[in-house]
Structures are given as C-alpha cells and as structure tokens.
Amino acid sequence: MRPAEPVTALTDYLLAAVYLAFALQLLRRGRAAGQRSILLAAAAFLATALSAGLGGTYHWLGGTALWKITVYCLGLAGFFLVAAAAFAASTGRARRLLLIAAGVQFAAYGTWIIGHDDFRYVIYDYALAMLATLGLFVWAARERLSRGVWWIAAAIVVTFAASGVQSSGLTLHRYFNHNDLYHVIQMGTAWLFYRGFHDCIDRALSSEPRP
C-alpha cells in the first residue's frame with residue numbers, strides 16, 4: 001500500500017521522536033526534583049509526541065478515527081501545559097481554579113471537535129492554552145519564581161509563525177509542502193518549550209523569591 005503523504009508522515013514521526021526525547025528528560029528531572037510542574041510539562045510533551053506519531057500514521061494510512069484521536073491528544077497537551085504553568089505560578093485556591101478552567105477548556109474543545117475536523121480549531125485551542133501558559137509564566141517571573149518566561153515566549157512566537165506557514169499553504173518543493181515545513185519548525189519549538197520548563201519550581205515549594 002502506497003502512503004498518501006509519505007514526507008508529511010515522516011516529518012510527523014521525527015517530530016514525535018523529538019518530543020518524546022524531551023519528555024523523557026523532563027520526566028527524569030521532575031522525578032528527581034519532586035516538581036509537579038516539570039512532571040506535568042513532561043505529560044504535555046508525551047501527549048504531543050503521541051499526537052505527532054498518530055498524525056504521521058494518519059498521513060500514511062488515512063482514517064477519520066485516527067485523525068480524531070490525533071487532535072484530542074493535542075488538546076490534552078494544551079491542558080497539561082496550562083496545568084504545568086499553574087503549578088509554577090500559583091498555589092491554593094488560585095491553582096485549583098486554574099486547573100478547573102483548563103479542564104473546562106479541554107472538555108469544551110473535545111465536545112466541539114466531535115463534529116468539526118478543520119485543523120484551525122486545533123490551532124485556536126492550542127493558541128489559547130499557550131497564551132494562558134505565557135501569562136502564568138509572566139506572573140511567575142514577576143514574583144521571581146521562574147526564569148523560563150523568555151523561552152516560553154519564544155516558543156509561542158515560533159509556534160504562531162509555524163501555524164501561519166501551515167495555514168498559508170506554502171510549498172517549498174512538490175515533495176515538501178506546508179505541513180512538512182510546519183513539522184520541522186515545531187521541532188525547534190519543542191526545544192524552546194523544553195528550556196522553559198526545565199528549571200520550573202512549584203510555587204508551593206518555593207516560598208522565597210529567587211535571588
């Protein structure tokens with residue numbers, strides 16, 4: 001059986017491998033440091049890796065069910081990103097409210113996506129999650145609890161740029177289309193997000209500002 005979009009599938013698999021490698025690094029660091037923010041970031045990376053792997057298989061074989069699972073995993077990644085940032089920036093009732101809000105967003109996204117297959121809805125949901133993550137990191141930086149805000153900001157800027165490329169339909173070569181370029185750019189985004197979450201400290205475990 002000849003794959004429908006072989007290059008898109010392969011770049012998706014490469015993206016999955018990159019996110020998986022960073023996820024394992026964050027998982028080890030989060031366990032060693034006892035930081036839930038890092039562990040939740042690892043979960044976001046794992047969800048993204050799974051989405052990219054499933055997306056690659058979708059581009060290889062096709063299938064509506066496979067596409068639905070792919071976009072649900074991306075929604076889950078957005079939820080974990082916000083949850084990780086919530087642990088880094090807040091505590092107590094504020095943290096609980098942020099986690100509830102992230103859960104409600106994921107539930108609303110999951111309900112909407114049942115009847116809508118357009119990738120732009122995935123972008124909208126993920127963009128909202130990333131902006132919430134950035135806002136929480138800005139707050140953490142203001143409280144001198146995190147130094148990762150600039151990495152997160154850079155990751156979001158690059159992600160938006162990649163989404164613009166993906167939406168534009170830009171094709172560099174007949175065997176390398178806008179989806180392939182989107183995946184390659186997102187590999188750089190993975191590194192930026194990794195740097196942003198690498199040194200996270202849970203707010204509840206860091207009552208003193210950083211020097």
Side-chain angles (χ1 to χ4, degrees), residues 3-63 65-88 102 106 109-110 113 119 122-123 125-127 129-130 133-134 137 148 151-152 154-163 165-166 176 178-200:
E5 299 175 279
V7 177
T8 304
L10 289 174
T11 53
D12 240 335
Y13 289 143
L14 285 173
L15 182 61
V18 169
Y19 265 97
L20 179 59
F22 285 136
L24 294 176
Q25 290 290 331
L26 288 172
L27 187 60
R28 282 193 288 268
R29 183 168 179 82
R31 284 178 173 174
Q35 302 298 316
R36 292 185 182 181
S37 53
I38 300 178
L39 292 174
L40 287 165
F45 274 64
L46 286 172
T48 306
L50 180 59
S51 177
L54 291 170
T57 305
Y58 167 79
H59 287 294
W60 196 276
L61 302 175
L66 196 57
W67 176 249
K68 290 292 186 185
I69 299 172
T70 299
V71 296
Y72 273 117
C73 287
L74 274 178
L76 189 61
F79 166 78
F80 281 127
L81 276 181
V82 176
F87 269 86
F106 175 62
Y109 166 79
I113 214 71
F119 191 70
V122 180
I123 294 175
D125 176 75
Y126 201 61
M130 286 191 296
T133 300
L134 177 59
F137 265 85
W151 293 109
I152 298 297
I156 291 173
V157 168
V158 173
T159 297
F160 285 165
S163 297
V165 168
Q166 199 275 340
F176 195 84
H178 57 285
N179 288 319
D180 311 329
L181 184 56
Y182 172 78
H183 295 153
V184 171
I185 296 172
Q186 286 294 76
M187 294 178 199
T189 302
W191 179 74
L192 292 170
F193 271 124
Y194 169 76
R195 289 298 305 269
F197 282 106
H198 184 267
D199 294 318
C200 272

Working to the nearest 0.5 Å, report the span between [atom1] of [X] and [atom2] of [Y].
| X | Y | atom1 | atom2 | value |
| --- | --- | --- | --- | --- |
| F160 | I185 | CZ | CD1 | 14.0 Å |
| L76 | L81 | CG | CG | 10.0 Å |
| I152 | C200 | CD1 | SG | 7.0 Å |
| F137 | M130 | CZ | CE | 13.5 Å |
| L134 | I156 | CG | CD1 | 4.5 Å |
| F22 | M187 | CZ | CE | 11.0 Å |

Over all heavy atoms of both residues, which pair between [X] and [Y] is shortest? Give the atoms and the distance, please.
| X | Y | value |
| --- | --- | --- |
| T48 | Y126 | OG1-OH, 4.3 Å |
| A155 | T189 | O-CG2, 3.6 Å |
| S37 | A88 | CB-N, 4.1 Å |
| A84 | A41 | CB-N, 3.6 Å |
| I38 | H198 | CD1-O, 3.5 Å |
| D125 | G75 | OD2-CA, 3.7 Å |

May I ask you to decide if the ring planes of W67 and Y58 are parallel, tilted or perpendicular, using 30° and 60° as cut-offs? tilted
Quick one: are [X] and [Y] in side-chain contact, heavy atoms under 4.5 Å?
| X | Y | answer |
| --- | --- | --- |
| L10 | L14 | no |
| V71 | Y109 | yes |
| L20 | F45 | no |
| T133 | F197 | yes |

Treating S51 as the side-chain partner and T70 as the backbone partner, does any N or O pair qualify as donor plus acceptor under 3.5 Å? yes
Which side-chain hydrogen bond (donor to acceptor under 3.5 Å, both in side chains) pairs, counting each pair once, include a residue from residues 10-25, with sequence neighbours left out? T11-H183, D12-H183, Y13-T57
Centroid-centroid distance, F80 to F106, less than 6.0 Å: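 No, the ring centres sit 6.0 Å or more apart.
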